Structure formats: structure tokens, C-alpha cells
Amino acid sequence: TVGCVALDKEGKLAAGTSTGGMTNKKYGRVGDVPVIGAGTYASDVVAVSMTGWGERIMEAVSGHTVSAYMKHKPASLEEAADYLLREVLEPGEAGMIAVDRYGNMLMDMNTPGMFRGMSDSEDHREVAIWK
Amino acid sequence: KDWALVIHGGAGVISQDMADSVRQAYRADLGEALSVGEEILKGGGSSLDAVEQVITFLEDNPRFNAGKGAVFTHDGGHELDAAIMAGDSRTAGAVTGIRTVKNPISLARMVMEHSEHVMFAGEGAERYADERDVERVNQDYFYTERRYRAWRRAIKEDEAQSSVLGDKDRSPAPAPSEGGDRKFG
């Protein structure tokens with residue numbers, strides 16, 4: 001699975017995810033990626049792309065959970081990610097990337113690793129694989 | 001902050017004893033994916049264009065499980081999924097079970113921008129692609145040796161497990177009403 005979230009100069013947020021699914025998947029199994037609100041979601045508050053165990057990410061309605069938590073709690077992106085990855089999902093189940101409307105960037109996971117990278121107009125640039 | 005960009009190439013158990021050359025190659029590819037998005041955003045391009053172009057780059061890279069390099073299904077084929085969403089308009093497009101589209105993210109964006117629907121699945125998604133100007137490939141395009149070997153291993157594990165467990169133990173756990181704890185729904 002690959003994903004990207006972005007905030008542009010007009011302040012618009014977008015999220016995208018693409019995947020080959022799960023090795024040996026059977027008979028039309030659909031994972032979280034194409035389920036809007038689960039593996040891929042963008043609102044006026046945050047853009048989110050998930051990766052990991054699709055069934056668990058769908059059951060947690062993950063992308064929308066992050067956006068709603070930020071809006072209604074209210075909470076920061078970091079607090080919302082922490083809630084999703086450490087209170088809702090179990091260890092080893094998922095990784096997520098997100099960017100909020102202020103340009104705060106997040107790469108977080110409860111798995112041992114995630115191929116990831118981030119960059120912004122203030123020259124914060126990072127590529128990583130493990131925790 | 002004028003613009004911001006975050007990418008991923010999949011999460012899970014990634015072997016720490018990966019050869020240095022492979023580790024460097026992954027890091028270089030992730031850096032190049034960032035450059036694709038940076039160029040668009042620096043130039044005032046839209047977040048949607050950045051997302052589509054970065055993911056197209058990653059779909060074309062056989063190292064990642066998307067587009068070329070996708071994993072194998074149980075039946076030995078490739079079925080791809082993709083989705084894109086714009087936050088300001090809250091519009092979205094998604095395709096699932098795609099078999100002959102080189103860059104599923106581009107078809108997902110077409111669904112969002114040119115159809116009245118959000119998601120197309122399987123044969124319907126393929127028929128929608130027939131109506132759009134989107135690059136088509138055959139299933140061999142997605143093949144990589146590494147994913148093929150992973151698929152063969154998974155099939156062998158399945159067979160080994162079913163021969164050990166036998167059919168009787170593969171029935172679903174009893175419903176909660178019968179004292180089971182497996183979720184149904």
C-alpha cells in the first residue's frame with residue numbers, strides 16, 4: 001500500500017491511497033483503502049491515509065475517526081492519532097500519515113515499521129523506515 | 001506554512017536485517033516521491049495533483065505493493081484498489097478490484113471528477129475505465145518475482161494449515177450466544 005496527503009498554497013487538503021491488497025486474498029475481499037472514511041479520508045480539518053490490517057482499519061473507520069476527534073473533542077492531530085493508534089486499534093495493526101489545515105504533519109504507527117517521508121515549505125524534510 | 005506533504009509506502013513488520021543496498025534504495029525512492037510532490041506544491045499546484053502524481057510514481061515503482069509490484073490474490077491474479085479525496089469540497093473517488101489499469105489512483109480521481117458516484121467495483125470499474133482515457137495493461141505488467149514467491153509461500157502455508165487442522169476445525173468459532181467470542185456482523 002502507498003499513500004500521500006498534501007496541503008497546498010490555497011489551504012486545500014487532499015488524501016490518496018493505492019494498494020495491491022493482501023497476498024493470497026480471496027474472492028473479492030476489499031480492504032480499507034477504497035473505503036472512504038476508513039483508509040482514505042480528507043475533510044476541511046485533516047487529510048489521512050492509512051496502511052496495515054485493512055479489516056481493523058475499516059472497523060475503526062480510521063480516517064474519519066481522526067477528523068471527528070479533532071473537530072469535536074477538540075484535539076490536535078497528534079492527540080487524535082494517539083487516540084486512534086493506541087486506544088482504538090491494537091498494537092501491530094496500522095500506520096498512518098496525515099496533515100492538518102495548519103500544515104502540521106504526522107507519520108505514526110503501532111507497527112514495527114512504515115516506509116514514510118514528509119516535507120514542507122519550511123524545509124522540514126525526513127525519510128524513515130523503522131520507529 | 002505554505003504547503004506540506006506526507007507519504008507512506010506501507011506499514012508492518014519490515015525486516016531490520018534488510019541489506020544496506022535495499023535500505024538505501026527504499027530511502028532513495030521515498031526521497032524521489034517527495035520531490036515529485038514538492039515540485040508541484042512549490043509551483044502553486046493543487047494538493048490533488050500532488051497526491052495523484054506522488055502515488056502514480058509509487059504505483060510505477062515495483063518495490064511497493066501498489067500498481068507494478070502488487071501482491072498476488074489467492075487465484076494468482078492482481079486486484080488493485082485506490083481512493084482519493086479532496087477535503088475542501090469533501091468529494092471522493094474510489095475503485096476496487098481493478099485488473100487492467102496501470103495507475104488506479106488516476107481512475108479513482110476520474111470517478112471523483114467525472115462521475116456522479118464515489119466508488120466503482122470489479123467489472124464495473126473496468127467498464128468505467130473503458131469509457132475514460134486511462135492507460136491499460138495486462139495482468140503480467142504487475143508481476144514481480146518477489147511477490148510471486150510470497151504468494152507461493154502463502155499457498156503452501158494454507159495447504160499445510162488445512163491438512164493439519166482438517167475441515168472440522170476450520171468452521172467459524174461458535175456465535176456469542178453459544179459462548180463463542182468471535183464477532184459476527
Side-chain angles (χ1 to χ4, degrees), chain A residues 1-10 12-28 30-31 33-34 36 39-44 46-47 49 51-52 94-95 97-99 102-103 105-107 109 111-122 125 127 129-130, chain B residues 1-14 16 26-27 30-31 33-34 37-38 41 44-48 50-52 54-55 58-59 64-67 70-74 78-88 90 92 94-97 104-105 118-119 150-151 154-155:
Chain A
T1 303
V2 300
C4 179
V5 293
L7 171 73
D8 63 29
K9 286 186 174 178
E10 291 183 14
K12 292 182 178 178
L13 290 165
T17 319
S18 180
T19 187
M22 192 171 74
T23 299
N24 197 23
K25 72 179 175 184
K26 293 181 181 167
Y27 325 133
V30 178
V33 164
I36 299 302
T40 308
Y41 188 68
S43 66
D44 52 348
V46 69
S49 173
T51 175
I97 59 168
V99 60
Y102 307 112
M105 302 181 287
L106 179 121
M107 308 188 294
M109 70 267 196
T111 56
M114 175 166 70
F115 294 113
R116 59 197 189 278
M118 64 183 187
S119 175
D120 67 15
S121 52
E122 293 171 357
R125 196 178 207 268
V127 165
I129 298 177
W130 292 283
Chain B
K1 208 177 279 191
D2 277 349
W3 56 267
L5 175 74
V6 194
I7 67 173
H8 74 72
V13 179
I14 301 173
Q16 293 261 7
Y26 269 108
R27 296 179 69 89
L30 291 167
L34 284 176
E38 286 164 341
L41 294 169
S46 71
S47 48
L48 274 176
V51 164
E52 182 185 5
V54 166
I55 290 182
L58 292 169
E59 284 174 340
F64 300 101
N65 174 23
V71 297
F72 283 76
T73 66
H74 180 73
H78 301 277
E79 292 176 358
L80 311 172
D81 306 333
I84 192 166
M85 185 163 191
D88 58 302
R90 217 175 58 224
V95 289
T96 182
I105 191 70
V118 170
M119 182 190 278
W151 170 58
I155 292 287

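Protein chains get the first letters and strands the later ones, always in sequence-line order, with residue 1 at the start of each. Bear in mind that the values here come from a model prediction, so they are computed numbers and not experimental data.
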Option from A:T19, A:T23, A:T51, A:V2 for which side-chain contact (heavy atoms from CB on, under 4.5 Å) with B:N65 holds
A:T19
Take B:V71 and B:W151 through the test side-chain contact (heavy atoms from CB on, under 4.5 Å) and record every step on the way to the result.
CA-CA 7 Å; B:V71 297; B:W151 170 58; over 6 Å; no
If you count heavy-atom pairs within less than 4.5 Å of chain A, which of [options] leads?
options: B:A86, B:G67, B:A70, B:G37; answer: B:A86
options: B:L80, B:T96, B:L48, B:L30; answer: B:L30
options: B:E59, B:M85, B:H8; answer: B:H8
options: B:I155, B:L41, B:L5; answer: B:L5
options: B:I84, B:I14, B:V13; answer: B:I14

Rounded to the nearest 0.5 Å, how far apart are [atom1] of [X] and [atom2] of [Y]?
X: B:L58; Y: B:I105; atom1: CG; atom2: CD1; result: 10.5 Å
X: B:Y26; Y: A:F115; atom1: OH; atom2: CZ; result: 4.5 Å
X: A:D120; Y: B:D2; atom1: CG; atom2: CG; result: 9.5 Å

Interchain contact, [X] with chain A, by part (heavy-atom threshold 4.5 Å):
X: B:V95; result: backbone
X: B:V54; result: side chain
X: B:F72; result: backbone

With a 4.5 Å cut-off on heavy-atom pairs, point out which of [options] contacts chain B the most.
options: A:G117, A:G103, A:G16, A:G95; answer: A:G117
options: A:K12, A:E10, A:R116; answer: A:K12
options: A:A47, A:G52, A:S49; answer: A:S49
options: A:I97, A:T111, A:L13, A:L106; answer: A:I97

Residues passing the salt bridge (charged side-chain N to carboxylate O under 4.0 Å, His left out) test with A:R125, sequence neighbours excluded, are B:E38
Contacts of B:E52 that satisfy salt bridge (charged side-chain N to carboxylate O under 4.0 Å, His left out) - sequence neighbours left out:
B:R109
CA sep, side-chain torsions, deciding dist, call: A:L7, B:S47, side-chain contact (heavy atoms from CB on, under 4.5 Å):
CA-CA 6 Å; A:L7 171 73; B:S47 48; 6.0 Å; no
Criterion side-chain contact (heavy atoms from CB on, under 4.5 Å) on A:Y41 and B:R90, from CA distance to verdict
CA-CA 9 Å; A:Y41 188 68; B:R90 217 175 58 224; 4.1 Å; yes
Which bit of A:Y102 is near chain B, if near means a heavy-atom gap under 4.5 Å: side chain, backbone, both or neither?
backbone
